[in-house]
Number of protein chains: 2
Amino acid sequence: MLSDIDRLRRFNRAVTREVGALDHSYLGRGRPLGAARVLQLVTAGGTDVARIRDQLALDSGLMSRLLRALEDEGLVETGADPADRRRRIARLTPTGAAENAAYRAIGHLAAETTLARAGRQGPALLAAMDLIATQLLHDVTEIVDADPDDPAALICLAAYFQLLLDTIPGLPAEKLPLPLADAPLYRLPQGAFLIARSDGLPIGCASLRPLEPGVAEVKRLWVHPDARGQGLARRLMVLLETRARELGYQHLKLDSNSALTEAITLYRRMGWIDCAAYTGFPADVWMEKPL
Amino acid sequence: MLSDIDRLRRFNRAVTREVGALDHSYLGRGRPLGAARVLQLVTAGGTDVARIRDQLALDSGLMSRLLRALEDEGLVETGADPADRRRRIARLTPTGAAENAAYRAIGHLAAETTLARAGRQGPALLAAMDLIATQLLHDVTEIVDADPDDPAALICLAAYFQLLLDTIPGLPAEKLPLPLADAPLYRLPQGAFLIARSDGLPIGCASLRPLEPGVAEVKRLWVHPDARGQGLARRLMVLLETRARELGYQHLKLDSNSALTEAITLYRRMGWIDCAAYTGFPADVWMEKPL
DNA sequence: GACTATACCTGACTGTAGTCAGATATAATT
DNA sequence: AATTATATCTGACTACAGTCAGGTATAGTC
C-alpha cells in the first residue's frame, strides 16, 4: 500500500508537525526561538558558550547577539573562562533560572500530553522513539570510560544479565551478581569499563579486568538490541583492546556461552582463537588473543 | 537512567536534526523552502490551491506570492476551477514536473540512505515510525468509504485474517477468502466498507452486508495494533451503525469468536446483546442490536 | 437585484535567522 | 619578542517567513 519511502515521508510529516507545535509553544514566552533555545542550554553552574554554539550549530556572530539579548534581559551573565580567558562562560541569573525552568515546564507538559494521549501504548511509543533516535543518532554515539558502579553501567549490566537469562538455557537467575561484587577490578589502573552512549542513553558496554600477570579478561560485552548491526560491538572491542595494550597487558582471554552466537562470531572475526577452559558453567567457550 | 521526558526529548533532538538536514538538502535547488514545499504538492493533473494552503497552513497572501514565484519560473500554471471560478487550480508545466521529480528524488535518496544505514534493522525502524506517526497523527485519522476490492481494503482484510489465525485456535488458513468472494454485497446500496486512514496509511476497517430483509450483518472489524486504545474501533462501529440506518436497515447482527475478547467487550458496551446462533465455526458468539 | 460570504490577490510592513568582513583580546608557537 | 592561531564581538547586510489591510471577482442568499 504505502511504500517504504511513503512510510518514511508520513513519519516526517507527523514529527515535523509535532516539533513545530513544540517550537511554537516556546514562543509563548515572548522571546524568539533562537534566544529560547540558547537559554535552555545555559545552566546555573555555567556553560561554555562555545559548547552551546556547537550544539545549536550557530554562527559565532549570531550566538554573540543572542547571548547579548539574554544579558540585556537580565537572564544570563557571562564571564571569561579562568582557564582560557578568550573563552566565555554563560551562567543563569536567578531570573534566568526561573525562565529556564518555565521552558522546561512547557517541554515537560508537551511530553506528558503526548504520553497521556498514547495511553496504554505509552511504553511502546517510547520504545519506538528510542529505536529511532538510536538509529538516527548513530553517528554521534560516543564511547566513554565509566565507573563500574555508575548508574549507566548498572543499566547496561542489568540488560546484559537479562539477555543471558533469556538466551542461555538452565541459567539460574541468582547466579548474576549486581552490583558487581568485583567492581574495583574494573577500575584503573588494572581494568576498564567502557560505556557507549547515544545522546545520553546508554546503549552498550564492555569491560576489562585482570586475570593473571600480563593477562586481562574481557567481560560483559553488551549492545542494546536497537543499536545492533552497526558495528558498535566491534568498536567497543577495538577500544577495549587498545586500552588493554595501554595498561601493559600482553594477552587477553574471555569466556562465553555457545548460545551467544553473534558475540562469538565477532570474536573469531577479530582474531580470537579457542583456548583451554579456565572457568565453569555457564561458560562453555573460552578464547584468547595475543596483543 | 533517562526519564520518559528525557527519552522524548532525545527523540525530538534526533528527528529535528534529521528533518532539518532534509529541508536543507531541498535548498540545493536554489529555491526557498516555502516555494519548494508548495511545488512538491502540485501535481501534473492539477491541485486545488486551497488544499495546498491548508496542508501547509499558509497565509493566503503568502501562498499567493509563492505560487506567483513558481509561475514566474515557468514551473506551474494556474487557472480557475470550472466548478467554482473563485477557486484556483495549480498545474505543473513540463518544466515544473521535472523540477518536482527532482525534489522527489532528493527525498527518495534521503529516505533510502536512512533505511540503508539501518541495515537489517530497517523493518524495525519503519515499524517504529509507523507506530509513532499513527500516534501523533491520531487527531487527523479519517474514516472513508471504500470499495471492498480497493488495495487498502485488501491490506486491512489480510491483516484481519492474520489476526484471526493468530488468535483463534484451530482455524485453518485456507478458510479465509481473499479477495472477498462476496465483495458485491459490501457495496452500495446494500452494504458498506469503511476504512480508517491515518495520513494515507490504512489502519482500520469495518464493513456491512445484507443478511435478511431489514437486517444487516457487521463484518470484519479490525484496527491496527499501533492504533488501538484510542477509540478507533468505536468510531468505526458508530459510523457503521449510522450507515446501516441510512440504508434502511432496522436490525444488525454479527458473529464473532470468544477469543476476540476486546471486540466483544466493545460490542457489549455499545449495546449489543447475545442472540441465537446463525453461523458455524469459527463463530461461537452471536450478537444483535436493534437500530 | 441587492446583499453577504468566499477565494484569491496585491502592496506594505515586520521580525528573525543567518552570513560576512573586519576588530579585539588572549593563547600558543617559533 | 614577534608571529600565528583562536574565541569572541560588532556592524552591515540579505533573504525569508509571516502578518495585515484593503481590493477584486465570483458564488450563494434573501
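Keep in mind that this is a model prediction, so the values were computed, not measured. Here is how names work: the chains are called A, B, and so on, in the same order as the sequence lines, proteins then strands, and each is numbered from 1.
- Set against dT26(C), dC20(C), dC9(C), the side chain of Arg68(B) has dC9(C) as its closest nucleotide.
- Within the 4.0 angstrom heavy-atom criterion, only backbone atoms of the sugar-phosphate kind lie near Asp84(B); the bases stay farther away.
- Of the listed nucleotides (dG18(C), dC20(D), dA17(C)), dA17(C) has the atom at the smallest distance from the side chain of Leu33(A).
- Among Leu67(B), Ile52(B), Leu75(B), the one residue that satisfies the side chain to side chain contact (heavy atoms under 4.5 Å, CB included) test with Leu39(B) is Leu75(B).
- Of the candidates dA17(C), dT6(D), dC9(C), dC9(C) carries the atom nearest the Arg88(B) side chain, counting heavy atoms from C-beta on.
- Salt-bridge check for Glu71(A) with Arg88(A): failed, with every basic side-chain N at 4.0 Å or more from each acidic carboxylate O.
- Rounded to a whole Å, the CG atom of Asp72(B) is 12 Å from the P atom of dC9(C).
- The side chain of Arg86(B) has dA27(D) as its nearest neighbour among dA5(D), dA17(C), dA27(D).
- The distance between atom CZ of Arg31(A) and atom P of dG15(C), rounded to the nearest whole Å, is 17 Å.
- Taking for each of Ser60(A) and Ala50(B) the nucleotide of DNA chain C with the nearest heavy atom, the 5'-most of the two is the partner of Ala50(B).
- Comparing Pro82(A) and Leu62(A) against DNA chain C, the residue whose closest nucleotide sits nearer the 5' end is Leu62(A).
- Rounded to whole angstrom, the span from the CD1 atom of Ile52(B) across to the P atom of dC8(C) amounts to 10 Å.
- Between dA7(D), dC20(D), dA17(C), one nucleotide has an atom nearer to the side chain of Arg87(A) than all others, and that is dA7(D).
- You'll find that the side chain of Arg65(B) is closest to dC20(D), out of dT8(D), dA17(D), dC20(D).
- Rounded to an integer number of Å, the gap from Leu67(B) CG to dA7(C) P is 16 Å.
- Protein atom CG of Asp23(A) is 16 Å distant from nucleotide atom P of dA17(D), rounded to whole Å.
- No engagement by Arg37(A) is indicated, since no non-hydrogen atom pair under 4.0 Å with the nucleic acid exists.
- Following rounding to the nearest Å, Arg53(A) (CZ) and dT6(D) (P) show an atom-to-atom distance of 13 Å.
- In the set dA27(D), dA17(C), dT10(C), the nucleotide with an atom closest to the side chain of Pro32(A) is dA17(C).
- Between Asp199(A) and Arg17(B), none of the side-chain N atoms (NZ, or NE/NH1/NH2) sits under 4.0 Å from a carboxylate O, so this pair counts as no salt bridge.
- Atom C1' of nucleotide dC8(C) and atom CZ of Arg85(B) are separated by 13 Å, given to the nearest angstrom.
- Ion pairing between Arg37(A) and Asp23(A) holds under the 4.0 Å rule for side-chain N and carboxylate O.
- Atom CG in Asp59(A) sits roughly 12 Å away from atom P in dC9(D) (whole-Å rounding).
- Between Thr134(A) and Arg10(B), the side chains place a donor N or O and an acceptor N or O closer than 3.5 Å (distance only, hydrogens not considered).
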